[in-house]
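Presented below is the structure to which this report refers.
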Amino acid sequence: MTTPFYVTTPIYYVNDRPHVGHAYSTVAADVLARYQRLRGRPVRFLTGNDEHGQKIEKKATELGEDPQAFVDRMSPPFREAFEQLDCAFDDSIRTTEPRHKERVAALWERMKAAGDVFLGAYEGWYSVADEAFITDKEYEELDDVTRKSVQRVKEPSYFFRLSAFTDRLLAFYEANPSFVQPEGRFNEVKSFVKQGLRDLSISRTSFTWGIPIPGDPEHVAYVWLDALTNYISALGGPKREGEDAPLYDTFWREDATKIHIVGKDILRFHAIYWPAFLMSAGLPLPTQIWAHGWLTINGQKMSKRYGNFIPPGPLVDAFGPDVVRYYLMREVAFGQDGDFSHKNLIARYNGELANGLGNLLNRMIASIVKKNLRGVIPAPGPTEEVDEALRQTAERVAREAAAHLDGVAPYRALDTIFELVGAANRYVDQTAPWALAKQGETERLGTVAYTVLEALRWLSVMIAPFMPSKSAGLRRQLGLAPLAPGEDAWPSGWGGLQAGGTTAPDKALFPRIDAKEEKTLLASFGLDAEGRPAAPEQPAPVKKAKKKSKEPLPEGTIAFDDFLKVELRVGHVLTAEAVPKSDKLLRLEVDLGEDAPRQILSGIRPHYDAASITGKRVVVVTNLAPRKIMGLASQGMVLAASDDAGLRVVEVAEGMPPGARVS
RNA sequence: GGGCCCAUAGCUCAAUUGGUCAGAGCCGCCGGCUCAUAACCGGUUCGUUGCUGGUUCGAGUCCAGCUGGGCCUACCA
């Protein structure tokens with residue numbers, strides 16, 4: 001198959017710092033891209049950043065920064081993180097680039113020309129945190145924190161006639177039964193569409209940080225219209241009359257394979273809105289939307305709040321890019337939720353990479369071939385049944401692994417590939433080349449050694465999409481050049497390894513991590529020997545408080561653990577106002593480094609007025625159960641010192657960012 | 001309220017269109033080997049495949065109900 005292959009990651013919203021979740025999506029896309037390149041297909045792999053929207057504008061304003069300066073600062077860390085992970089994307093687009101903006105305008109014009117865009121007025125709730133319009137019901141069900149970022153909007157707005165696409169979308173789904181993967185997610189999409197679609201508001205006038213609408217610059221494009229367009233704008237599409245766009249013509253043509261890797265949270269936008277936009281504009285639709293699951297971290301939900309917001313950098317520093325990539329792809333079934341566990345990573349590393357593949361290479365190259373064959377690859381003699389069996393295993397594995405990669409099941413591909421590692425290790429034991437050497441059975445030894453080396457060569461190709469550097473290292477030891485792009489290099493013909501070549505024994509490809517190192521490594525990630533967070537910050541889902549008969553504590557003291565239950569953080573007081581009908585209460589909006597500020601009520605008005613408390617950096621108890629005071633929810637408590645003479649809030653030096661933990 | 005998905009050995013997962021005694025890896029235990037990264041190889045314990053019925057010559061695999069978990073969705077109190 002030599003049709004072009006196009007794979008994209010979501011474009012990551014620059015409100016966040018890169019974390020393991022971003023790395024996961026991107027590595028998955030990179031593995032697919034590298035695999036298809038190996039197969040000799042023309043490949044394009046795109047990632048990028050989503051940089052517009054009200055949330056960005058708001059955040060930048062809060063920081064006293066120009067939005068453009070803000071996104072210029074927040075965007076590079078994503079590319080750097082992915083490069084560190086050896087993700088070889090061909091392009092990384094930013095939605096603030098001119099090349100993107102002009103294509104959003106072009107898409108808009110096409111949709112408008114098709115008669116699917118009309119001017120109306122939108123009234124309803126808009127969630128800034130999610131950058132999405134929500135219904136009244138959804139609004140009511142929100143938690144208090146999120147609700148803070150929801151606003152009532154009533155403004156003129158352009159609409160996209162999404163309602164007219166219900167039947168066309170359903171027909172398309174029917175005709176493309178694997179358009180959305182996994183299947184369960186597709187069902188959700190279908191049932192959502194079956195209920196009938198409402199027209200979609202696709203412009204806003206209440207803020208400016210976005211792409212102006214052609215002919216009506218009061219409006220900026222709805223962020224999702226803006227963002228989704230990236231998949232074609234990066235290719236130079238949609239084309240205007242008479243334009244030349246070779247990338248677009250190659251990778252977005254009807255028969256190219258076009259896969260969007262997305263998180264399950266943004267599936268609806270990709271599986272419903274995006275195809276509808278493209279249908280309206282008369283453009284080809286993507287081949288497949290792959291929604292993967294979420295990762296928890298050591299069993300806990302990843303969240304800034306719980307301090308387990310894992311950036312990929314330290315992982316790469318500790319284990320190297322290939323091992324992190326391997327683990328991410330191996331551990332979780334693509335499409336399902338999974339857990340990222342440092343402990344497990346080390347277990348898989350030792351068990352599969354060091355003991356399995358690494359040791360196989362080492363026992364052969366650095367020992368048997370080196371000692372008995374002077375490091376030269378022997379010519380195979382007549383084969384026996386065991387030799388044929390290993391060869392057949394290799395052929396089956398290559399076939400199945402390829403099928404799994406074509407089907408976007410990287411974890412299954414790895415599972416299959418490592419069957420060959422196991423088979424080769426068993427083969428070495430069965431044929432006992434060290435014994436053959438002692439008995440002077442040189443010809444048989446040659447056949448056995450060749451068979452294992454050839455299997456290793458096959459492995460060097462099959463692991464390449466997952467572990468490009470380790471693949472190169474493995475090939476170097478086999479005396480082979482790194483894989484070069486071009487023809488289909490996936491192993492199929494047995495015997496490609498040239499006899500007479502010189503092997504290059506080297507240090508262990510995957511040095512084992514011993515128990516002591518493991519402990520040190522885990523500790524460096526703040527974990528105990530069992531791989532659990534040393535100081536669990538995330539309360540276990542409240543079961544019943546078990547009575548623990550521990551040593552009694554001295555009267556009047558609490559255990560250290562008890563102290564840790566109190567979560568104190570630095571809060572930046574954004575606004576303050578007196579609560580009507582109350583003489584003591586102030587209603588504060590406090591930035592705690594979360595997505596939205598919290599509302600906190602504090603009885604400090606006798607000592608502070610609204611103006612004097614605003615802007616202060618205070619200490620807030622953040623895990624106090626929310627409480628309603630005079631009808632208003634209070635989501636925390638500001639610490640203050642007081643005596644008869646007066647009251648002062650506890651303040652923190654200017655430099656500490658909101659959200660910093662106090663302990 | 002409507003709908004979807006999942007529930008298989010201690011853990012993570014497999015089991016072609018229902019069809020050989022339900023498998024693999026990890027973990028544990030026993031043994032072997034010694035070329036190797038205290039590695040590798042062999043053997044081995046635990047499953048009435050969530051529960052209850054049904055269809056069938058035959059069901060983990062289909063149907064109904066139940067229990068438990070996850071998710072999508074909705075302008076019925």
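Every chain is numbered from 1 and lettered A, B, ... according to where its sequence line falls, protein lines coming before strand lines.
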Roughly how many Å is it from [atom1] in [X] to [atom2] in [N], rounded to a whole number?
X	N	atom1	atom2	result
A:K194	B:G2	NZ	P	17 Å
A:E331	B:C26	CD	P	14 Å
A:L360	B:U37	CG	P	13 Å
A:R512	B:C40	CZ	C1'	12 Å
A:L414	B:U12	CG	C1'	15 Å
A:W294	B:C5	CH2	P	22 Å
A:K438	B:C33	NZ	P	12 Å
A:E517	B:A38	CD	C1'	14 Å

What's [X] touching, base or sugar-phosphate or nothing? Going by heavy atoms closer than 4.0 Å.
X	value
A:R185	sugar-phosphate
A:N362	base
A:Q195	sugar-phosphate
A:L509	base
A:K190	nothing
A:F510	base
A:K507	nothing
A:P511	base
A:R412	sugar-phosphate

Which nucleotide wins on minimum distance to the side chain of [X], given the candidates [options]?
X	options	answer
A:N359	B:U37, B:C72, B:C41	B:U37
A:N425	B:C71, B:U37, B:C40	B:C40
A:N355	B:C41, B:C40, B:C71	B:C40
A:W434	B:C40, B:U34, B:A74	B:U34

So, is A:N187 near the phosphate of B:C72, with a side-chain N or O under 4.0 Å from OP1 or OP2? no
Are A:V397 and A:W458 close enough that some pair of their side-chain heavy atoms sits under 4.5 Å apart? no
Non-hydrogen side-chain atoms of A:D30 and A:L85 separated by less than 4.5 Å: no
Starting at the 5' end of RNA chain B, which residue's closest nucleotide do you reach first, A:R426 or A:L361? A:L361
Could you check A:V189 against A:R363 and say which one's nearest nucleotide on RNA chain B is further toward the 5' end? A:R363
If we take the [atom1] atom in both [N] and [M], what is their distance in whole Å?
N	M	atom1	result
B:A14	B:U55	P	31 Å
B:A24	B:A15	C1'	10 Å
B:A59	B:G54	C1'	12 Å
B:G25	B:U44	P	12 Å
B:U16	B:G53	P	27 Å
B:A9	B:A74	P	36 Å
B:U17	B:U61	P	15 Å
B:C26	B:A22	P	22 Å

Without swapping roles, check the side chain of A:T503 against the backbone of A:G375 for a donor-acceptor pair under 3.5 Å. yes
ring-ring contact (aromatic ring centres under 6.0 Å, His included) partner of A:Y327, the single match among A:Y349, A:F319, A:F340: A:F340
Partner of A:F172 under ring-ring contact (aromatic ring centres under 6.0 Å, His included), chosen from A:W274, A:F186, A:F179, A:F165: A:F179
If you count heavy atoms of other groups shown closer than 6.0 angstrom to [atom1] of [X], is the number above 12?
X	atom1	result
A:E183	CD	no
A:K264	NZ	yes
A:Q498	CD	no

Quick one: the dot-bracket string of RNA chain B, using Watson-Crick and G-U wobble pairs with both distances under 3.5 Å, [ ] for crossing pairs and | for bases paired to another strand. (((((.(..((((.....[...)))).(((((.......))))).....(((((..]....)))))).)))))....
Less than 6.0 angstrom from the centroid, inside 45 degrees of the normal: does A:K190 satisfy that with respect to the ring of A:F192? no
Cation-pi geometry met for A:K470 and A:F510 (6.0 Å, 45°): yes
Between A:Y427 and A:D387, do the side chains contain a donor N or O and an acceptor N or O under 3.5 Å apart? yes
So, for A:D86 and A:P468, which heavy atoms are closest and what is the spacing to 0.1 Å? OD2-CG, 4.0 Å
Under 4.0 Å, heavy atom to any atom of RNA chain B: which of residues 379-387 of chain A qualify? none
